[in-house]
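The structure appears right after this line, and notes come after that.
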Amino acid sequence: MQSIYLAIPLAPLLGAMIAGFFGWKIGRTASHIAAITGVAVAFVLSVIVFKHIVIDAAEPFNGTVYTWMVSNGINFQIGFLIDKLTAVMLIVVTFVSLMVHIYTIGYMHDDPGYQRFFSYIALFTFSMLMLVMSNNFLQLFFGWEAVGLVSYLLIGFWYKKPTAIYANLKAFLVNRVGDFGFLLGIAAVLMYTGSLDYAEVFKQAPSLSGRTMEIFDGHAWSILTVTCILLFIGAMGKSAQVPLHVWLPDSMEGPTPISALIHAATMVTAGIFMVARMSPLFELTETALSFVLVIGATTALFMGFLGLVQNDIKRVVAYSTLSQLGYMTVALGVSAYSAGIFHLMTHAFFKALLFLGAGAVIIAMHHEQDMRKMGGLRKYMPITWITSLIGSLALIGTPGFAGFYSKDAIIVAVRESSLAGAGYAYMAVLIGVFITALYSFRMYFMVFHGKERMDDHTREHLHECSKVVTVPLILLAIPSVIAGAIFVDQMAFGGFFGSAIVVDESHRIATEVTHHFDSWWGLILHSFADYPVYLAAGGVFTAWFLYMKRPDLPDMIQQRFALVHKVLVNKYGFDRFNEIVFAGGSRLLGGMFWRVGDEKLIDGLVVNGSAKSIGWFSSIARRFQSGYLYHYAFVMIIGLLLLLTWIVFR
Amino acid sequence: MLFDLPILSTLIWTPIIGGLLVLLAGERWARVVALLVSVLTFVLSISLYTQFDVTTAAMQFGELKSWIPSFNIFYQLGVDGISMPLIILTTFTTVLVVLSAWEVIKKKPEQYLAAFLIMEGVMVGVFSALDAILFYVFWEAMLIPMFLIIGVWGGPRRVYATIKFFLYTFLGSVLMLVALIYMSIKADGSFSLLGFHSLPLSLHEQLYIFAAFLLAFAVKVPMWPVHTWLPDAHVEAPTGGSVILAAIMLKIGGYGFLRFSLPITPDASNELDWLIILMSLVAVVYIGFVALVQTDMKKLIAYSSIAHMGFATLGFFLVFSIIDNTGSWREAALGMEGGLVQMISHGFISAAMFLCVGVIYDRMHSRNIADYGGVVNTMPIFAAFMVFFSMANAGLPGTSGFVGEFMVILNSFKANFWIAFLAATTLILGAAYTLWMVKRVLYGEVANDNVAALKDVTAREFLILGLLAIAVLFFGIYPGPLTEVMHASVEHLLQHVSIQKY
């Protein structure tokens with residue numbers, strides 16, 4: 001098995017290198033074959049691993065590939081930990097990646113950067129696989145930053161577009177703010193456990209509970225709380241949690257396939273994965289869990305609101321992603337890690353589907369993304385229409401669809417939780433259900449139903465996309481429907497992940513609710529006795545009423561609540577605030593340090609100042625060397641006189 | 001082959017004699033001779049690595065000859081795990097510099113190349129000298145070729161820059177000479193560096209000596225607030241000058257702290273370590289902000305060099321607070337090795353960044369960021385290199401730029417949370433100033449006709465940047481060999497500084 005583990009990340013890397021270094025020579029087809037083969041191999045091998053670890057229930061693998069460095073007796077290693085959590089992530093990452101690779105053939109067909117694009121997404125797959133397969137913090141951080149790099153390169157893929165190169169810089173820097181916390185968290189882990197290997201760290205973690213450190217003199221804080229919050233700051237950057245969420249909507253400037261792969265299905269869920277992986281640490285500190293919970297709930301609700309006022313089809317999906325990431329974070333906060341990962345998985349399928357569907361619409365509309373210029377597309381693009389409908393139904397949690405099971409598991413877990421902040425979180429996730437249904441079906445109706453608002457030229461050319469686009473849509477629609485029912489029994493409530501996820505006895509909410517339900521259809525029946533399904537239905541109905549029945553109403557509401565609308569359109573002012581305070585403030589500070597500190601004080605006053613004062617001193621001293629003999633004689637006589645006076649009178 | 005030759009002397013004198021040959025070879029053959037000499041020196045220097053004994057902290061490849069017997073001055077050479085990697089970095093970088101000058105330097109190329117080769121020999125001398133006076137001679141001799149390189153082949157304000165550079169560094173080193181002579185008197189006339197290490201000195205004496213060393217080395221590194229010569233020197237220097245300045249000369253300051261300040265005056269270092277840590281953190285944070293607002297690419301990279309060197313000095317001086325916190329000097333090895341790795345890595349990355357600027361400067365004759373925009377449209381291969389090196393400059397894992405910073409930040413957490421906090425701001429600041437420059441220079445629509453007319457890298461430029469990219473990537477993926485050679489020497493030094501001298 002070990003060579004299989006090694007081959008999983010290396011196959012896409014090889015594909016990336018072939019497409020990247022030799023793409024100019026071997027041409028477009030050979031490049032995409034190289035990249036797709038690499039990812040396909042990784043997918044097939046992942047399936048084998050999944051069978052081996054999950055179905056045959058083999059022991060988790062934990063081994064070293066090579067020693068990166070030794071210093072101070074600490075082995076910094078590159079190595080793999082393959083347990084059930086990894087196996088699930090492998091399937092999700094390689095499957096979605098493979099679908100996106102195939103889809104890209106159609107989407108990027110006319111792009112001059114075709115080979116470069118394939119090289120990047122294959123490289124992304126490699127990085128993401130290294131991240132999820134890691135058995136230590138060093139490699140985790142490597143994968144973490146590497147996916148950030150590829151995200152940077154791909155958001156800025158169309159490097160001529162000013163908005164794209166602004167967005168990629170912003171994405172990288174905001175992520176770096178998260179990484180700043182993450183790295184400090186890793187430093188804390190190393191300091192207090194003396195190791196960066198998961199196994200060793202988790203073994204030592206319980207002995208740390210109760211120990212404190214002082215960051216500010218006189219304030220003793222729990223080591224574990226500080227460490228976990230620092231690590232979570234990293235997750236907030238990567239998984240776009242408030243207030244580090246600002247980069248994700250802008251990342252939609254990149255090509256749509258990567259929005260699906262990186263900014264919806266895989267990379268942004270790295271933070272969720274990381275916290276789940278760190279469950280042995282987070283379980284030991286309720287303060288950190290509450291922090292996670294509140295941040296997640298805030299993201300889930302308030303980012304959902306923003307989806308209501310967007311008109312760009314991709315941005316609606318982007319805000320929906322933010323909100324769903326909030327749900328996953330909420331799950332982590334209430335210790336329902338497996339429910340969080342379960343939602344991560346189902347979300348990966350239906351959100352990738354929605355994005356690729358949006359991409360298909362964008363191709364058909366000749367790169368028009370404004371939903372106000374769409375409408376009635378279901379006639380022209382039946383496959384896209386049906387698959388998008390499936391994606392939307394899965395997203396809003398329609399009973400029976402994949403999203404229903406995972407979202408329901410989260411909501412139940414929050415309801416049962418007694419953690420500080422759980423009440424707020426429960427309200428947030430419930431209202432979130434309504435909001436999700438509202439913006440999802442607002443988009444669905446605006447795009448696929450109603451009046452055809454595009455111009456004649458576009459309408460004439462409207463047609464369904466080619467097979468390379470529709471086949472991935474269909475393949476993604478299948479798990480969007482069935483993945484929930486298959487895994488709900490195990491993942492949401494059972495101990496699917498085994499030893500990979502640790503839940504403290506006092507936090508076992510999820511298992512307590514288990515015995516209420518015994519099967520996937522039982523859950524469907526039971527759902528009609530609870531709020532979420534009615535909230536979702538209410539959202540769909542409201543969307544239908546506002547955008548199909550009475551399309552004049554939204555404008556009226558907008559005018560009536562102009563202030564609220566303005567706040568939402570301005571995204572609560574985060575962007576403006578960051579632009580003025582952080583970006584502007586840094587430039588101002590830098591300018592001040594440079595002009596005043598360096599140029600005026602150090603160079604002006606001290607360096608050139610000493611040169612000047614030496615010059616001034618010499619100009620005085622020069623007068624003593626006038627060259628006139630009588631000056632010298634005079635000074636000599638005066639000097640002699642003073643000397644004699646001193647000798648006589650001392 | 002030449003195995004019975006004393007290897008260190010060979011590495012010092014081959015390029016110096018080679019430099020004289022280049023002068024004689026005249027304009028026509030100068031380049032070829034210079035390349036041969038530099039490649040030969042590099043190849044010879046590899047045997048330092050292959051024959052290096054990683055198990056001992058003792059000086060290796062030692063040479064001892066009487067030089068000025070009446071003053072007890074010896075021609076004494078030797079290297080350990082601290083200096084050996086720096087020597088190989090020197091010989092490697094010189095090859096690149098010779099290549100980079102190939103078609104670019106039109107004015108008296110033989111003198112230009114000779115200056116660099118002589119410089120190489122002298123720098124190897126600095127890293128391998130074990131006699132204080134011999135060290136001092138090499139140390140000062142280094143200034144002359146660099147003075148000429150900037151003064152003759154430099155930009156329009158080269159005279160101001162050279163005078164500033166010379167006076168600044170000279171001022172620092174004179175006091176060092178006084179300190180060396182004082183110690184020799186205490187040591188019964190011996191100038192042996194290893195003797196100085198074990199010389200008992202009172203705290204009072206140590207403080208004065210430490211201050212003298214600090215001035216000399218802080219100017220060289222350069223540390224805030226004695227850093228202002230560097231941006232001026234870089235801006236005016238020709239590309240090769242900037243490369244040597246950033247890649248090697250700055251390291252000599254850091255090397256000085258390890259070879260002189262820490263082992264000779266450990267107790268004074270203990271007393272004043274907060275000062276060095278403070279200066280290093282100011283370098284990281286303050287200089288990071290200054291770099292952000294630069295409009296001149298070379299100045300930006302120069303400031304970024306200061307910030308990165310802050311990590312080296314920070315890593316070296318964490319040891320005392322770590323001993324206070326954990327009670328063990330062993331715990332500090334990560335930071336000190338991190339500082340050393342940072343020096344080596346910065347040698348590659350800063351060289352690469354300056355060479356990148358050189359590539360486009362040769363075509364556009366402007367260093368001004370505002371004159372560029374959309375270079376990727378006309379120079380895609382170059383842009384790929386520059387993005388790669390910029391990411392390395394921003395400390396991306398997988399590149400060598402990450403390793404040192406990672407080690408120092410991890411270790412500084414052991415000293416104090418706030419040191420780690422401030423040091424880690426480089427993750428944000430480093431990315432901000434580097435990638436903002438990348439955005440303005442490389443990305444976007446073609447900004448003007450000059451950019452539209454750009455031609456992509458030549459085979460020669462590709463070779464230079466490619467070699468550096470391999471080095472940066474290799475040490476990012478596998479830094480093990482680098483840290484392995486340092487262990488024994490670093491541990492020896494840490495143990496030495498943990499023992500009180502008086």
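Naming convention: chains lettered A, B, ... in sequence-line order (proteins, then strands); numbering from 1 in each chain.
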Do we see a donor-acceptor contact under 3.5 Å between the side chains of A:D603 and B:T228? yes
Report, as yes or no, whether the 6.0 Å neighbourhood of atom [atom1] on [X] holds more than 12 heavy atoms from other residues, nucleotides or ligands.
| X | atom1 | result |
| --- | --- | --- |
| B:Y160 | OH | yes |
| A:F582 | CZ | no |
| A:F617 | CZ | no |

With only heavy atoms counted, which part of [X] is less than 4.5 Å from chain B, the side chain, the backbone, both or neither?
| X | answer |
| --- | --- |
| A:I78 | neither |
| A:I186 | both |
| A:T67 | backbone |
| A:M592 | neither |
| A:N168 | side chain |
| A:A188 | both |
| A:F141 | both |

Indicate yes or no for a side-chain donor-acceptor contact from [X] to the backbone of [Y] under 3.5 Å, with no hydrogens or angles considered.
| X | Y | answer |
| --- | --- | --- |
| B:H227 | A:D598 | no |
| A:W594 | B:I287 | no |
| B:W418 | A:F216 | no |

Non-hydrogen atoms of A:I165 and B:G444 that approach each other most closely: CD1-N, 3.7 Å
Minimum heavy-atom distance between A:F180 and B:F421, given as atom pair plus value: CE1-O, 3.3 Å
Between A:W221 and B:F417, does the ring centroid distance fall short of 6.0 Å? no
Taking the six-membered ring for Trp, are the ring centroids of A:F142 and B:F402 within less than 6.0 Å of each other? no
Using the side-chain contact (heavy atoms from CB on, under 4.5 Å) rule, take B:T483 and A:V70 through it: C-alpha gap first, then chi angles, then the decisive distance, then the call. CA-CA 7 Å; B:T483 54; A:V70 182; 5.5 Å; no
Would B:F413 and A:L190 count as a side-chain contact (heavy atoms from CB on, under 4.5 Å) if you check the C-alpha gap in whole Å, the side-chain angles of each, and the deciding distance to 0.1 Å? CA-CA 9 Å; B:F413 203 94; A:L190 180 69; over 6 Å; no
Would you compute the distance between atom [atom1] of [X] and atom [atom2] of [Y] and round it to the nearest 0.5 angstrom?
| X | Y | atom1 | atom2 | value |
| --- | --- | --- | --- | --- |
| B:W436 | A:L173 | CH2 | CG | 11.0 Å |
| B:L410 | A:M191 | CG | CE | 12.0 Å |
| B:L292 | A:R587 | CG | CZ | 7.5 Å |
| A:S71 | B:H487 | OG | NE2 | 6.0 Å |

Name the option with the most non-hydrogen atom pairs under 4.5 Å to chain B; the candidates are [options].
| options | value |
| --- | --- |
| A:I74, A:V189, A:N608, A:N175 | A:N608 |
| A:A583, A:G591, A:S586 | A:S586 |
| A:E214, A:E599, A:M69, A:R176 | A:R176 |

With only heavy atoms counted, which part of B:M407 is less than 4.5 Å from chain A, the side chain, the backbone, both or neither? side chain
Under 4.5 Å from any heavy atom of chain A, what part of B:V387 do you find: side chain, backbone, both or neither? side chain
Give the intermediate values and the outcome of side-chain contact (heavy atoms from CB on, under 4.5 Å) for residues A:L149 and B:M391. CA-CA 8 Å; A:L149 164 75; B:M391 282 293 171; 3.5 Å; yes
Under the criterion side-chain contact (heavy atoms from CB on, under 4.5 Å), I'd like the reasoning laid out for A:Y152 against B:L396: C-alpha separation, chi angles, the key distance, then a yes or no. CA-CA 12 Å; A:Y152 167 84; B:L396 191 84; over 6 Å; no
Specify whether A:Y159 and B:Y443 have parallel, tilted or perpendicular ring planes, treating 30° as the upper limit for parallel and 60° as the lower limit for perpendicular. parallel
